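The next block holds one structure in the form of structure tokens; read it before the comments.
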Amino acid sequence: MRLFRFIPTLTLLACLLVVAGCAAGGDITRPVPATFVAAPQPAHRLVVMLPGRGDSLQSLTDTGIAAIIQQSWPDADVILTGLTMPFYRQGRAAERLHDEVIEPALRPAYRQVWLAGISLGGLGVLLYDQRYPDQIDGLLLLSPYLGDDASQRQIRQAGGLDAWRPGPPQSIGPDTFQHELWRYLKDWAQRPRRTSSTWLAYGADEPFRQPIEMMSPRLPADHVVMLPGKHNWKLWKPAMHVLLERAGSANPLDALPRDSGK
């Protein structure tokens with residue numbers, strides 16, 4: 001299984017400083033905290049959930065999101081994670097998620113493995129797929145945070161992602177992180193297996209609506225859902241229901257071939 005070169009998430013520092021008000025903590029000297037919620041039926045899927053910028057593992061658990069997932073997919077084991085801000089600041093969020101949560105959880109019975117994330121967690125989902133493009137069968141993105149306006153302004157001025165010319169790949173650093181994230185999203189045009197297995201929901205009153213709508217044309221139209229609401233759980237709970245129903249109908253078990261990354 002071929003992996004892309006390591007994309008060090010230490011360089012998330014620039015975008016993390018932009019996302020103000022991130023109160024959730026975490027002890028990076030210990031493994032990424034996680035809670036396993038067993039499927040009510042024999043499990044054939046695994047869904048790993050990444051928290052938003054203000055969530056801890058406990059607050060994510062308290063939302064009842066695992067039950068929401070299993071209402072639509074009763075054959076899904078769910079892992080809720082506490083991949084919070086300190087793990088991103090450390091610079092190894094994707095690698096630690098892979099080594100400490102996803103790899104140990106894999107079972108032969110799982111025919112699909114999905115990664116879901118809210119806000120900052122949506123960014124974490126994209127970072128994981130950028131780092132490990134062959135690992136995850138499907139992505140569920142709820143109001144993903146996609147950085148600040150600097151790189152987005154360049155793309156808008158160019159006339160959109162299709163017209164934007166990012167130039168040669170750059171080493172990832174505080175000044176280049178967001179540029180390289182958008183290069184990765186631009187490259188989705190050459191990754192139909194990834195776009196056909198990615199689902200996106202966001203709110204009409206999102207603070208991140210504009211960048212999300214720069215990204216969303218990369219996906220099939222029926223994979224993108226805009227609902228009334230703002231950047232909070234009043235939006236994300238019904239949005240998760242919608243994404244799971246659509247993704248489950250479009251991608252029955254064994255229907256998602258692994259992406260070669262090409």
Side-chain angles (χ1 to χ4, degrees), residues 15-16 18-24 26 32-35 37 45-74 76-85 87-88 93 97 101 113-129 136 138-147 197-216 219 221-251:
C15 79
L16 296 176
V18 173
V19 184
C22 300
V32 175
T35 295
V37 183
R45 288 183 263 219
L46 174 67
V47 179
V48 179
M49 188 86 199
L50 307 188
R53 62 186 183 181
D55 283 320
S56 63
L57 175 58
Q58 185 59 57
S59 65
L60 185 65
T61 302
D62 291 345
T63 66
I65 192 66
I68 289 173
I69 293 169
Q70 290 174 340
Q71 284 172 14
S72 295
W73 292 0
D77 286 339
V78 176
I79 297 179
L80 306 177
T81 75
L83 193 76
T84 52
M85 183 69 68
F87 293 96
Y88 290 91
L97 177 65
V101 178
V113 178
W114 290 73
L115 192 55
I118 294 166
S119 188
L120 180 64
L123 176 63
V125 168
L126 297 174
L127 288 171
Y128 187 92
D129 187 59
I136 300 298
L139 309 181
L140 300 171
L141 303 172
L142 295 163
S143 304
Y145 171 68
L146 298 172
S197 57
T198 298
W199 302 79
L200 168 68
Y202 64 102
D205 297 317
E206 280 281 352
F208 304 146
R209 177 173 171 175
Q210 188 174 55
I212 288 171
E213 290 181 344
M214 289 172 55
M215 164 197 172
S216 60
L219 302 176
D222 61 349
H223 287 219
V224 179
V225 180
M226 184 181 72
L227 297 174
K230 300 181 180 180
H231 197 77
N232 55 41
W233 280 101
K234 290 182 180 179
L235 166 70
W236 297 328
K237 288 182 180 181
M240 179 62 91
H241 271 298
V242 174
L243 293 193
L244 290 166
E245 290 299 325
R246 292 193 182 188
S249 297
N251 297 302

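For this chain, numbers begin at 1 and follow the sequence in order. All figures in this text were calculated on a predicted structure; none of them were measured in a lab.
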- Message: Give me the atom names and distance for the closest heavy-atom approach of A239 to A201.
- Response: CB-CB, 3.8 Å
- Working to the nearest 0.5 Å, report the span between CG of D77 and CD1 of I69. 11.0 Å
- Message: Restricting to non-hydrogen atoms, name the atom on Y145 and the atom on L123 that form the minimum distance, rounded to 0.1 Å.
- Response: O-CB, 3.3 Å
- Query: Taking only residues two or more places apart in sequence, or in another chain, which ones meet H231 in a ring pair (Phe, Tyr, Trp, His ring centres under 6.0 Å)?
  - Reply: F208, W236
- Note on the structure: Taking every heavy atom of G121 against every heavy atom of L50, the minimum-distance pair comes out as O-CD1, 3.5 Å
- With sequence neighbours left out, the residues meeting salt bridge (Lys or Arg N to Asp or Glu O under 4.0 Å) with E213 are R209
- Output all residues satisfying side-chain hydrogen bond (donor to acceptor under 3.5 Å, both in side chains) with T35, sequence neighbours left out; order by chain, then residue number. none
- Message: I'd like to check V224 versus Y202 (side-chain heavy atoms, cut-off strictly below 4.5 Å). Are they in contact?
- Response: yes
- For the side chain of T81 and the backbone of M49, is there at least one donor-acceptor N/O pair under 3.5 Å apart? yes
- Note on the structure: Looking only at heavy atoms, the pair that brings T198 and H223 closest together is O-ND1, 2.9 Å
- Query: Taking side chain as C-beta onward, heavy atoms only, is L141 less than 4.5 Å from I212?
  - Reply: no
- Just how far is it from atom CG of L244 to atom CG of L140, taken to the nearest 0.5 Å? 6.0 Å
- Message: I need the W73 CH2 to L46 CG distance, nearest 0.5 Å.
- Response: 10.5 Å
- Item | Donor-acceptor pair, side chain of K237 and main chain of T63, under 3.5 angstrom | yes
- Excluding sequence neighbours, so at least two apart, what forms side chain to side chain contact (heavy atoms under 4.5 Å, CB included) with A66? V37, V78, L80
- Can you list the residues that meet the side chain to side chain contact (heavy atoms under 4.5 Å, CB included) rule with N232, with sequence neighbours excluded? K230, K234, L235
- Message: For the backbone of D222 and the side chain of R246, can you confirm whether one donor and one acceptor N or O come within less than 3.5 Å of each other?
- Response: yes
- What's the spacing between L200 CG and L139 CG if we round to 0.5 Å? 10.5 Å
- From CD1 (I65) to CE (M240), nearest 0.5 Å: 4.5 Å
- Task: Heavy atoms only: give me the nearest S143-G203 pair and the separation to one decimal.
- Result: OG-N, 4.5 Å
- Task: Could you tell me which residues satisfy side chain to side chain contact (heavy atoms under 4.5 Å, CB included) with A67, sequence neighbours excluded, listed by chain and number?
- Result: none
- Query: Is there a side-chain contact between W233 and L60 (heavy atoms, below 4.5 Å)?
  - Reply: yes
- Non-hydrogen atoms of A34 and L57 that approach each other most closely: N-CD2, 3.7 Å
- Out of curiosity, I136 CD1 to W114 CH2, how far, rounded to the nearest 0.5 Å? 10.5 Å
- Message: Contact between L115 and D129 at the side-chain level, heavy atoms closer than 4.5 Å - yes or no?
- Response: no
